[in-house]
Amino acid sequence: MIVSQLTFLPEGLITARVQAEPADGQPTVEEYLYALDCALKASGRQPVGRVAWRTAKDQPDALECTVAALPKVTLADYRGIVVQSVSASQQVDAHRAAEQAARACELEVPALAIDLEVDWQWRQLERRLKTNHITLQQHLDRLRTTPDRFSSKLRGYAQQDLHLRCALLAIACTEGFIVTDEKLAAAVRQAQLRGIRQPDRMQLRQQLLVQQAVDLIWQNTTVLPAPVQEEQA
């Protein structure tokens, strides 16, 4: 793959052209996006969220891509989190600690990342409904909502999720965390075992970096024991 016209725009977007070479055969979209991810990693830039892409009009074997870059993040003290245990699951408490650290950070989630995530969620929903022979309107009627209200709810969820992701990616970058080829390959195999034929390695790498940040926060979190409930007579 050849990644060219790599441009870092002032508004926090990254654009590039990714072209397949003859030796690449007929690559999947995920392979194009992974080539872009590798080029961004080599340039020291961290993408956030999904990629908008289209086939280049003058080159059918090339994609024109746009992705949001990690925004400027003012990190709070993510090594001094205190949580009160509410669950027997360490994973739940670790996630709560990470959310607490992220809420204390100052950042503005890129609008493009939110737009692309909402669009992806819509497409995933429509695919699931089609598999179950349910129309989108039937689904919305069952939820007693409208397309606009449902889309607004999806946007709110995407905003929250991407705020958390941006904060944790910023922590991962600050700490110098990396994802080795071996760990990424293992994550790809796990995704394939779950039925994902062509895993998006750009997304997997972001998820692995996020998990390293969560682990670091958890290692430095003070956990208060759950309050003792008095027995009722």
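Residue numbers start at 1 and run along the sequence shown. These numbers come from a predicted model, not from an experiment.
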For residues L63 and T55, determine if any side-chain heavy atom of one lies less than 4.5 Å from a side-chain heavy atom of the other. yes
Of the non-hydrogen atoms in G49 and L162, which two are nearest, and what is the gap between them? CA-CD2, 4.4 Å
Is the shortest heavy-atom distance from the side chain of L6 to the side chain of R45 under 4.5 Å? no
Who are the side chain to side chain donor-acceptor pair (under 3.5 Å) partners of T135, not counting sequence neighbours? Q138
Would you indicate whether the side-chain heavy atoms of Y78 and L216 approach each other to under 4.5 Å? yes
Heavy-atom check, side chain of L70 versus side chain of P47, under 4.5 Å: no
Could you tell me whether Q124 atom CD has more than 12 heavy atoms of other residues or ligands within 6.0 Å of it? yes
Which atom pairs, donor and acceptor, lie under 3.5 Å between side-chain atoms of residues 7-15 and protein residues at least two apart or in another chain?
{"unit_1": "T7", "atom_1": "OG1", "unit_2": "Q5", "atom_2": "O", "d": "3.2"}

How would you list, by chain and number, every residue that makes a salt bridge (Lys or Arg N to Asp or Glu O under 4.0 Å) with R128, sequence neighbours excluded? none
R123: side chain to side chain donor-acceptor pair (under 3.5 Å) partners, not counting sequence neighbours: D119
Mind checking salt bridge (Lys or Arg N to Asp or Glu O under 4.0 Å) for R127 and listing every partner two or more places apart, or none if nothing turns up? none
Given the rule in the side chain to side chain contact (heavy atoms under 4.5 Å, CB included) test, do L169 and I171 qualify, once you have shown the distances and angles that lead to the verdict? CA-CA 5 Å; L169 284 174; I171 291 172; over 6 Å; no
Just jot down the side chain to side chain donor-acceptor pair (under 3.5 Å) partners of D148, sequence neighbours excluded, or say none. none
Check A94 against W218 and note the closest heavy-atom contact, atom names and distance. CA-CE3, 3.4 Å
Among all residues two or more places apart in sequence or in another chain, which pass the salt bridge (Lys or Arg N to Asp or Glu O under 4.0 Å) test with D215? none
Which residues share a side chain to side chain donor-acceptor pair (under 3.5 Å) with E64, sequence neighbours left out: R17, R54
Heavy-atom nearest pair, I217 first then A98, reads CD1-CA, 4.0 Å
Please tabulate, for the side chains in residues 32-42, all donor-acceptor contacts under 3.5 angstrom to protein atoms that are two or more places apart in sequence or on a different chain.
{"unit_1": "Y32", "atom_1": "OH", "unit_2": "D61", "atom_2": "O", "d": "2.9"}
{"unit_1": "D37", "atom_1": "OD1", "unit_2": "R205", "atom_2": "NH2", "d": "3.0"}
{"unit_1": "D37", "atom_1": "OD2", "unit_2": "R205", "atom_2": "NE", "d": "2.8"}

Residues at least two apart in sequence or cross-chain that pass ring-ring contact (aromatic ring centres under 6.0 Å, His included) with W122, listed by chain then number, are F150
Could you pull out the closest heavy-atom pair between C166 and V48, with the gap in Å? SG-CG1, 3.6 Å
Side-chain heavy-atom pair L209, L168 within 4.5 angstrom cut-off: no
Validation: residues 99-118 side-chain donor-acceptor distances under 3.5 Å, sequence neighbours left out:
{"unit_1": "E99", "atom_1": "OE2", "unit_2": "H95", "atom_2": "NE2", "d": "3.1"}
{"unit_1": "Q100", "atom_1": "NE2", "unit_2": "V82", "atom_2": "O", "d": "3.3"}
{"unit_1": "D115", "atom_1": "OD1", "unit_2": "R155", "atom_2": "NH1", "d": "2.8"}
{"unit_1": "D115", "atom_1": "OD1", "unit_2": "R155", "atom_2": "NH2", "d": "2.9"}
{"unit_1": "E117", "atom_1": "OE1", "unit_2": "R50", "atom_2": "NE", "d": "2.9"}
{"unit_1": "E117", "atom_1": "OE2", "unit_2": "Q121", "atom_2": "NE2", "d": "2.9"}

Could you tell me if the side chain of Q206 sits less than 4.5 Å from the side chain of Q46, heavy atoms only? yes
Would you mind writing out the side-chain donor-acceptor pairs for residues 177-201 within the sub-3.5 Å range, not counting sequence neighbours?
{"unit_1": "T180", "atom_1": "OG1", "unit_2": "K183", "atom_2": "N", "d": "3.1"}
{"unit_1": "D200", "atom_1": "OD1", "unit_2": "M202", "atom_2": "N", "d": "3.0"}
{"unit_1": "D200", "atom_1": "OD1", "unit_2": "Q203", "atom_2": "N", "d": "3.4"}

